[in-house]
Enquirer: 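Before I ask anything, here is the structure I am working with.
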Amino acid sequence: MSSASQEREARVVDAAPKQLYINGQWRDARQGRVLEVRDPSTGSLLCTVANASPEDGRDALEAAQAAQQGFAAMPPRQRATILMRAFELMHERKDDLALLMTLEMGKPLADAAGEVVYAAEFFRHFAEEATRISGGYQDAPTGNARFLIRQEPVGPSLLITPWNFPLAMGTRKLGPAIAAGCTSVLKPAELTPLSMLALAQILEDAGAPPGVVNIVVTSTAGQVMEPLIRSGIARKLSFTGSTQVGKKLLEQCADKVLRTSMELGGNAAFVVFEDADVDKAVDGAMLAKMRNSGEACTAANRIFIHRSVLQEFSEKLAQRMGELKVGRGVDEGVQVGPMVDATQLDKVKELVDDAVGAGAEVVVGGEVAPGDGYFYQPTVLRDVPREARMWTEEIFGPVAPLTPFDSEKEVVDLVNDTEYGLVNYVYTNDLNRALRVAESIESGMVGLNQGVVSNPAAPFGGMKESGLGREGGDTGIDEFLETKYIGIAMA
Ligand code: ADP
């Protein structure tokens, strides 16, 4: 590593905001607590960040409450302008944002830059939606009354985001919240707070009024968030994270009947039929599996290949996986970064060892990769037995488990044999089969001959235990709106 790049890394970390952002003020935690942010590619300390206590959380929610009425009254065009300006600033600051994200989360720089663009797109999309909030005026069936229907902001919202897409999961919630006129308290994951604090700076620079967006970083998420959920002040919780935590939060939300949006875990299947274009399917599998080094809830977790093309698919995929360059995300040409922390690395290792112990064949990889950070080799496993844990648990790492199938009916049953229903991918060149299978699959999203479905203009979300509600698309803003109907008597 050159000293110039080391200097740039230090400069970007140094310049990044590290305090809580509450009511338009940057401030330390009340009790002066801090938490450490580490680089997962070296394990070394990057910096410390203010670590909120429940009192800081309360301050943030009260600021959101105080700002709510004024913000709801702000003309939609003005709210849209804040989002558009923030979109532009994200592009202007793309290189620094990407480097900061790579340093705290590990993903390769090119992926981080791609995420900045993807994340910014949510702001542009919702800037456009902000001025299209619609209503209605209609006749009662009896004719003696009229219905006036308008949409109002839900109110102060709590937003909780994970570490795997530190910026995009934030803009996907803040974009519609701001567009709808909701103020919010956002709690990013403790492993990756720097990206979100940098985003708060951008929103401040873009003209978001004090209290509209508040960022609370904490190492004690439950202690800080539960009182806010139960406060009676917050009207909405939007959460992206594990199904296990999501279920707990849903219970807490029941107390004050909060509106909820839940983007939870996935167990995506990737299905390749015998009539598919195998080369395109391999390209798609590389994306569906390796986007974000496998650390995505949309990652292909179970790869079902028709027995007649298994050999060809497995050789081609193994070759591509074996050629990937693993290393520090900031280094030139690196395509796969480290796992985010030791816990995640241990989990990947454990799941591979379990599958191999159950009889899976390692085609490529299968080991922890050398280095001080939390690296795992890109891995392809074949003939993974159905009892292996990785069929039911999210791998969240660069491991592709393949297994053969023989019939369409068999594979549709296998795809649906999970409590999750976020996304599945299907490769086939038979149009009838494509539609038949896509309609039989129990998931909120299906990738047909494509390995990525995420798009700010499309409704992202899951069925079954993968969640509630949809983010993005033309309905994403509805998650932050209440419908009010005013009945008008006609004399
Ligand atoms: P992951 O496996 O992606 O880390 P988690 O569900 O543990 O998923 O975390 C997602 C987000 O939820 C993070 O911001 C985390 O701090 C937060 N979180 C975890 N536990 C709780 C909790 N009890 N209450 C509120 N937020 C929580």
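When a ligand or atom number is given, it counts from 1 through the structure's own listing order.
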Enquirer: Mind checking what makes ring pair (Phe, Tyr, Trp, His ring centres under 6.0 Å) contact with F123, not counting sequence neighbours?
Expert: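 Result, ring pair (Phe, Tyr, Trp, His ring centres under 6.0 Å) vs F123: none returned.
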
Enquirer: By ring pair (Phe, Tyr, Trp, His ring centres under 6.0 Å), which residues pair with F460, not counting sequence neighbours?
Expert: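 For F460 there are no ring pair (Phe, Tyr, Trp, His ring centres under 6.0 Å) partners, ignoring immediate neighbours.
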
Enquirer: Any side-chain donor paired with an acceptor under 3.5 Å for R33 and T220?
Expert: yes

Enquirer: Kindly state each residue pair satisfying ring pair (Phe, Tyr, Trp, His ring centres under 6.0 Å) with at least one member in residues 202-256, sequence neighbours excluded.
Expert: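 Qualifying pairs: none.
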
Enquirer: Step by step, work out the side-chain contact (heavy atoms from CB on, under 4.5 Å) result for Y420 and T243.
Expert: CA-CA 9 Å; Y420 295 109; T243 295; 3.2 Å; yes

Enquirer: Between the side chains of R85 and E88, is the shortest nitrogen-to-carboxylate-oxygen separation below 4.0 Å, so that they form an ion pair?
Expert: yes

Enquirer: Within the protein, flag every N or O under 3.5 Å from an N or O of ligand 1, and note the pair and distance.
Expert:
unit_1, atom_1, unit_2, atom_2, d
ligand 1, 4 (O), W163, NE1, 3.2
ligand 1, 6 (O), S242, N, 2.8
ligand 1, 6 (O), S242, OG, 2.7
ligand 1, 14 (O), T161, O, 2.7
ligand 1, 14 (O), K187, NZ, 3.0
ligand 1, 16 (O), K187, NZ, 2.9
ligand 1, 16 (O), E190, OE1, 2.8

